[in-house]
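Single-structure report; data block below.
Read the numbers this way: they start at 1 and go in the same order the structure lists the ligands and their atoms.
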Amino acid sequence: MFSKILIANRGEIACRVIRTARKMGVKTVAVYSDADARSLHVAMADEAVHIGGSPVAESYLRGDVIIAAAKATGAEAIHPGYGFLSENPDFVDQVTAAGLVFIGPSAASIRAMGLKDAAKRLMEKAGVPVVPGYHGEAQEIVILASKAREIGYPVLIKARAGGGGKGMRRVDHPDDFSDALSGARREAKAAFGDDRVLVEKYVDKPRHIEVQVFGDNHGNAVHLFERDCSAQRRHQKVIEEAPAPGMTPELRTAMTDAAVKAAKAIGYSGAGTIEFIVDASDGLKPDRFWFMEMNTRLQVEHPVTEMVTGVDLVEWQLRVAAGEELPVGQDGIGLDGHAFEARLYAEDPAKGFLPAIGTLHHLSFPSESAAGTDIRIETGVRQGDAISPFYDPMIAKVVTHGADRTTALDALADAVSRTEVAGSTTNAAFLAALARDPDFASGDVDTGLIERKQDELTTSAAPGSRAIALAALAATGATTPADSDDPWSGLAGYAHFNPLVRRTALSFGGTEIVAHISARPDGRFDVRPEGGEAFVLAAETTEAGATVAAWPGHVTVFENGRSFDFAISDPFARAAEIGEGTSSMRAPMPGLVKLVRAAKGDKVTKGQAMLVLEAMKMEHTITATHDGVIQEIAAEGAQVTDGTVLVRFEE
Ligand code: ADP
Ligand code: ADP
Ligand code: MG
């Protein structure tokens, strides 16, 4: 076994790998960018090396600097995690040339599977069923469009270098083909530096079922059953589970056989995933699944497999890379119970899941789960850390395990509901709603479920009087010092004129909320939200089922599994806003103006597409917030920061 390895990644996956390495007695070296200098993975590793600036191109993608760091620290092997350099065969060659071991498959395996078109050609030859479509070399629009017609609409245009759902466009009608192709190409170019595409038949109401495979350098290859990742939005996984609901022995045998055949066809070594698309419109049938792609790395959702098989996949990765044989054969791998994983992201479901950024002023995960269930939190951040615009906005993976699907799903809904994040918008409420959705619970999932129920799953509840009262009191900064019987003494700025009733203004979702607070002789406060029920609260209150987190300019109240973020109204900030004019649209996050769809002087209507903002490698269409005439609009190619005015309307 290695005595020291370097982890060429960040965030939760770097922390995950460090944990197993430590368990195995292997020393770890972390690498970090400027933005990550104080991050959790750096704190957890035995050593850490600074590799460059915050943008990934200056740090986590700098293979040369990372290899130099490994040499300098005496690490013998490099674990790439997922993303970044994990599926870059040139990097694998460089690692090997430097006399180090790459903890993953060979460069040849990655080359064989790295591009979806070539992989499909290879799998076709190996006798694995592939998704019908065009995966040839030609890229001319006329050829692709005619192939699309041959395949039959709807079709799916896919970046051959794609990953994470990027560079993909569903096209329902030939008229839209050309626009969709340009969009897919732009996104692919930005994310992968490769704008070549393939065209596939769009499988209707499909399920995404993938098989975990593992090979070693002694000719062994096994599978570790399947995962179902059909709960997706924009082709990105949201909740994953193992095993697949409703899986039949016939389909399982057919799929796992095909997966092992695929791995053997390329002499695969290490952890890999064969992704299949399954047409479940007529039940799960053994002849209705097709190869989509192989991910030649550890997958984000690998924990669900670990929970049901009891295998530590990272441990196997290290063993296989060190030259050992797989610890067990196929017969030694069993299935126990059911597991779920939900991806908790800093993003705003109400705004089309726009990625968000922010400092995690309050962060708390549940530590205990209901009897008979297990809970596992995979995260790379701590309270006080920031979700920066440079990297994937994932905050954590919430993983649960139970004896059966219902138990595990209940545990998931419960765990997500008890997860508290303040400082950034998150998808927590959306995940909880999905985990409690009756269709999802029935196991009748397909990749379109989330889109069909989007409104239901993303409606946000309004805060009740108690949440408002708690927020208002926290907003005054009320604290009751033990050595003082003057309840107002802790109210910064107000101690000297002791008003009898203090008016506090908050805003929730843009609506102003006012509460009146007065001190009581017993040291507590009467808090009366306007038009709502009044409450008697102590300053450092611990109300049943509620947590209050105050952070600069905001108070977040967590109440019975929901969270409410209140902005503390600042009269000065409001004045500035009014002075500037209210009819403008600002960039919700830092990004690049990719495409401008309207011009100065245009009369636009609410909901009309104004421009396309590329942020965090994804394209986001910014639509008009109201009707108006454009006075000014951002220029194509402009790099904007959070809050930059994108569109100004005429008054
Ligand atoms: P798939 O490629 O099938 O969507 P996953 O859902 O496991 O597989 O991973 C999504 C992709 O997004 C990965 O290929 C990885 O490149 C990228 N990715 C996801 N999260 C992160 C992260 N925290 N850091 C870097 N890359 C990430
Ligand atoms: P990525 O590399 O981005 O993970 P995939 O090829 O794995 O790309 O596809 C991502 C998701 O897009 C799949 O999980 C599935 O939901 C959807 N998808 C892919 N191909 C098809 C298809 N031919 N028909 C319908 N949906 C598809
Ligand atoms: Mg995929």
Closest by any non-hydrogen atom to atom 7 (O) of ligand 2: pick that one out of Glu275, Arg233, Gln299, Met294.
-> Glu275
Would you mind checking if Arg111 and Asp93 are paired as a salt bridge, meaning a charged N to carboxylate O distance below 4.0 Å?
-> yes
Close-contact set for ligand 2 against Gln232 heavy atoms, below 4.0 Å | 11 (C), 13 (C), 14 (O), 15 (C), 16 (O)
With a 4.0 Å heavy-atom cut-off (strictly under), which part of Val203 contacts ligand 2: side chain, backbone, both or neither?
-> both
Does the side chain of Arg405 reach to within under 4.5 Å of the side chain of Ser442, using non-hydrogen atoms?
-> no
Are side-chain N/O atoms of Gln317 and Arg319 paired as donor and acceptor at under 3.5 Å?
-> no
Within the structure, does Met168 bring an N/O atom to less than 3.5 angstrom of an N/O atom in ligand 2?
-> no
May I ask you to say whether Lys158 pairs ionically with Glu200, meaning some side-chain N is under 4.0 Å from a carboxylate O?
-> yes
Among the N, O or S atoms that Glu293 has, which is closest to the Mg ion (ligand 3)?
-> OE2
Taking NZ, NE, NH1 and NH2 as the nitrogens, is one of them in Arg227 or Glu275 under 4.0 Å from a carboxylate oxygen of the other?
-> no
Show which atoms of ligand 2 fall inside a sub-4.0 Å distance from at least one heavy-atom site of Glu293.
-> 1 (P), 2 (O), 4 (O), 5 (P), 7 (O), 8 (O)
Sub-3.5 Å N/O-N/O distance, Pro206 and ligand 2 = no
Donor + acceptor pair across side chains of Gln330, His223 (<3.5 Å) | yes
Sub-4.0 Å heavy-atom approach of Gln236 to ligand 2 | no
Hey, which atoms in ligand 2 end up nearer than 4.0 Å to a heavy atom of His208?
-> 13 (C), 14 (O)
Against heavy atoms of Leu156, which atoms of ligand 2 measure under 4.0 Å?
-> 18 (N), 19 (C), 20 (N), 21 (C), 22 (C), 27 (C)
Examine Thr447 against ligand 2 and note whether any of their N/O atoms are separated by less than 3.5 Å.
-> no
Going by distance alone, is a donor N or O of one side chain under 3.5 Å from an acceptor N or O of the other, for Asp446 and Ser230?
-> no
Is it true that Glu210 and Lys237 have a side-chain N and a carboxylate O under 4.0 angstrom from each other?
-> yes
Between Asn295 and ligand 2, find which residue part has any heavy-atom pair under 4.0 Å and reply side chain, backbone, both or neither.
-> neither
Ligand 2 contact by Lys237, heavy-atom criterion under 4.0 angstrom = no
Please work out which of the three classes, parallel, tilted or perpendicular, describes the rings of Phe84 and Tyr60, given edges at 30° and 60°.
-> parallel
With the Mg ion (ligand 3) as the reference point, give the N/O/S atom of Glu275 that is nearest.
-> OE1
In terms of heavy-atom contacts, does CZ of Arg597 have more than 12 from other residues, nucleotides or ligands at under 6.0 Å?
-> no
Output the list of atoms in ligand 2 that are nearer than 4.0 Å to some heavy atom of Val131, sorted by atom number.
-> 23 (N)
May I ask you to establish whether Arg252 and Phe225 are in a cation-pi arrangement, using a distance under 6.0 Å from NZ or CZ to the six-membered ring centre and at most 45° from the ring axis?
-> no
Ligand-side contact atoms (ligand 2) for residue partner Gly162, heavy atom cut-off under 4.0 Å = 2 (O)
Quick one: which of Arg234, Lys201, His235 has a heavy atom closest to atom 23 (N) of ligand 2?
-> Lys201
